[in-house]
Chemist: 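Let me begin by handing over the structure; questions about it come next.
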Number of protein chains: 2
Amino acid sequence: MLSPSPNTDFVVSRTKPAAADIARTIVEELEAGEFVPGQRMVEADLCLRFGVGRQIIREALQRLNAYGVVAIEPNRGAHIIHVTRDEAVMTLELTELLFGLVSRSAARRVSAGCDSTRLSDAISELVASSETDDPAHYMRARRHLFAALSLIADNPELNRIMEQVRVHVMRAQFGFAAFRSGHAQELAEIGQTVLAGKSEEAEDLSRAYVRRIREFLQQI
Amino acid sequence: MLSPSPNTDFVVSRTKPAAADIARTIVEELEAGEFVPGQRMVEADLCLRFGVGRQIIREALQRLNAYGVVAIEPNRGAHIIHVTRDEAVMTLELTELLFGLVSRSAARRVSAGCDSTRLSDAISELVASSETDDPAHYMRARRHLFAALSLIADNPELNRIMEQVRVHVMRAQFGFAAFRSGHAQELAEIGQTVLAGKSEEAEDLSRAYVRRIREFLQQI
DNA sequence: TGTCAACAGATTGTCGACAATCTTGCGCCT
DNA sequence: AGGCGCAAGATTGTCGACAATCTGTTGACA
């Protein structure tokens, strides 16, 4: 009754959204606080919204479920998971360890002569963003720093998990208004420490960075 | 041409396997080394094997992909991920942090008066298994210990991730023959330390436990 | 009026069919 | 003989349809 031909007319060479893309889109919206915790994710609604069949939506929800941002109850459907402040604090406790490990591993790899141009670029971008004072610019630079560190650390399992945890951290920072831009300088310093190959120091700095966010969140 | 009626005849009150169960089954087989790294997971084959439609299999593969044990390439299908020894070592480096955090958190909760009967039971079971010297018994007890610790730690995100990493650790231990039963005593000690609420000590013991496995793996 | 059962609507679970894409082997041209 | 299309087979991607399950509401009965 709504779409007799979903994607035929003017969509000759469309790149195919596919489940992965939709999941990514939803994750981005989640990070931006688009969805209310507890909100039901009805498959049919999402079908209309993204113009695809239910199977696609289903796979996207499955992925979201694996990321832990959506809960799926049999025959009851999916809904956005509600995260309490205590849980967010616990997640940051975990993040502290993970980010520390990423930085330590990356620093070691740099010492071993790994390519680090991406990291240098990210650091430059961070420094630049601290001068323009544009939140979007800062967030992009921050993402690039994390990506560069993960790339250098080259630990598949760790990267996979960081990717998952990142979503939760973003949600927590948004949900509890614990987002303080202006950490650019601190992050740039972490990057430079990694670049210098000081693994112990890089780990300490990284953990301190996350710990401070956590303590700030705990005080609210 | 193969199954005109997949599950109608004598299957009046079957409990419905569903994707989650199939994914769990495959994970168990993976942990037992049933699949060869790189092996292709053709959907149609799995359909025949489990007697369900492709959608179910697809969702199961999706979940396996989220667990990081299966890679899915668009239009190319899914295959079992190959894990090198270095990657297994890196995963154990990560596990060291995670297990340490679980034990520390659990110990704190016990101090705060959390119910710990399940933990006591698991410890008893471990001690019993060390006397019978039955590998299956030991593994079951070990799993129960981890489950009890996770339950007490009560950190949703951490538990979710531990669950994912556990599969990799099991695969690594199986794949590299690094499986040494007889750690029952050591694990029981960790459990008792948690039970006593000594969080720092519990974390140290847990990390030492994983570290030793990692070092053993590195020496091969 | 309160409780419970049955019904209608909404939503999820699963399947079969067809389209799109990749792979492979064969034949043709140089 | 060697390389290059091209067709046939294999496999994945997506959709629509129907079955199963849940939920809320209405109405009958005590």
Side-chain angles (χ1 to χ4, degrees), chain A residues 1-26 35-36 38-66 69-81, chain B residues 1-26 35-36 38-66 69-81:
Chain A
M1 64 184 75
L2 53 102
S3 62
S5 60
N7 49 1
T8 50
D9 284 332
F10 57 93
V11 198
V12 180
S13 62
R14 178 67 71 84
T15 49
K16 260 196 293 184
D21 294 278
I22 291 179
R24 193 167 23 243
T25 301
I26 294 180
F35 297 100
V36 179
Q39 178 174 344
R40 288 189 61 193
M41 303 290 274
V42 178
E43 297 177 0
D45 294 350
L46 296 172
C47 288
L48 260 67
R49 174 154 172 212
F50 290 102
V52 295
R54 269 181 56 221
Q55 177 138 7
I56 312 288
I57 296 300
R58 198 158 243 276
E59 285 188 12
L61 288 175
Q62 205 78 27
R63 181 164 313 214
L64 260 32
N65 179 54
V69 293
V70 149
I72 298 180
E73 290 167 292
N75 287 313
R76 304 283 304 280
H79 62 87
I80 304 292
I81 282 186
Chain B
M1 64 184 75
L2 51 102
S3 62
S5 61
N7 48 1
T8 49
D9 285 332
F10 57 92
V11 197
V12 180
S13 61
R14 176 69 70 84
T15 49
K16 262 197 288 184
D21 294 277
I22 291 179
R24 193 165 25 242
T25 302
I26 294 180
F35 296 100
V36 178
Q39 179 174 344
R40 288 190 61 194
M41 303 290 275
V42 178
E43 296 177 2
D45 294 350
L46 297 171
C47 287
L48 260 68
R49 176 156 170 210
F50 290 103
V52 295
R54 269 182 55 218
Q55 177 139 8
I56 312 288
I57 296 299
R58 199 158 242 276
E59 284 188 13
L61 288 175
Q62 206 79 28
R63 181 165 312 215
L64 261 34
N65 179 54
V69 294
V70 149
I72 299 181
E73 289 168 293
N75 289 312
R76 304 282 304 278
H79 61 88
I80 304 291
I81 282 186

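Letters go in sequence order (proteins before strands), and every chain restarts at 1. These numbers come from a predicted model, not from an experiment.
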Chemist: Between P on C:dC22 and CG on B:N75, what's the gap in Å once rounded to a whole number?
Modeler: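 It is 5 Å, rounded to the nearest whole Å.
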
Chemist: Tell me whether the side-chain N or O atoms of A:R54 pair up with the base of C:dG13 as donor and acceptor below 3.5 Å, since no angle test is needed here.
Modeler: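 Yes, a donor-acceptor pair under 3.5 Å.
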
Chemist: With rounding to the nearest 0.5 angstrom, report the CD1 to CG distance, A:I22 to A:L46.
Modeler: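 Reported value, rounded in 0.5 Å steps: 8.5 Å.
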
Chemist: How close or far is atom P of C:dG13 from atom CD of A:E43, stated in whole angstroms?
Modeler: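 Roughly 6 Å, once rounded to whole Å.
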
Chemist: When we call it a touch if two heavy atoms are under 4.0 Å apart, what does B:Q55 touch: a base, just sugar-phosphate, or nothing?
Modeler: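 Contact class for B:Q55: base.
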
Chemist: Starting at CG of A:N65, measure out to CE of A:M41 and round the result to the nearest 0.5 Å.
Modeler: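 It comes to 11.5 Å.
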
Chemist: Rounded to whole Å, how long is the line connecting atom CG of B:L48 with atom P of D:dT11?
Modeler: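 Going from CG in B:L48 over to P in D:dT11 covers 12 Å.
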
Chemist: Quick one: is A:R76 getting a side-chain N or O under 4.0 Å of the D:dT23 phosphate, OP1 or OP2?
Modeler: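 Indeed, a polar side-chain atom of A:R76 lies that close.
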
Chemist: By nearest heavy atom, map A:P74 and A:G53 onto DNA chain D; which one lands nearer the 5' end?
Modeler: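 Here A:G53 is the residue nearer the 5' end.
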
Chemist: With a 4.5 Å cut-off on side-chain heavy atoms, are A:F50 and A:D21 touching?
Modeler: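 No, their side chains stay 4.5 Å or more apart.
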
Chemist: Please pick, from D:dG13, C:dT12, D:dC15, the nucleotide with the shortest atom-to-atom distance to any side-chain atom of B:R58.
Modeler: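 Of the candidates, D:dG13 comes closest.
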
Chemist: Considering all heavy atoms of both residues, which atom of B:R63 and which atom of A:Q62 are nearest to each other, and what is their separation?
Modeler: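 Closest approach of B:R63 to A:Q62, heavy atoms only: NH2-NE2, 2.8 Å.
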
Chemist: From CD of B:E73 over to P of D:dT11, roughly how many Å is that when rounded to an integer?
Modeler: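 Checked: the CD to P distance equals 16 Å.
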
Chemist: Taking the side chain of B:R40 as heavy atoms from C-beta outward, which of D:dT11, C:dC15, C:dT21 is closest to it?
Modeler: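 For the B:R40 side chain, the nearest candidate turns out to be D:dT11.
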
Chemist: How many whole angstroms separate atom CG of B:D21 from atom P of C:dT14?
Modeler: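 Checked: the CG to P distance equals 10 Å.
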
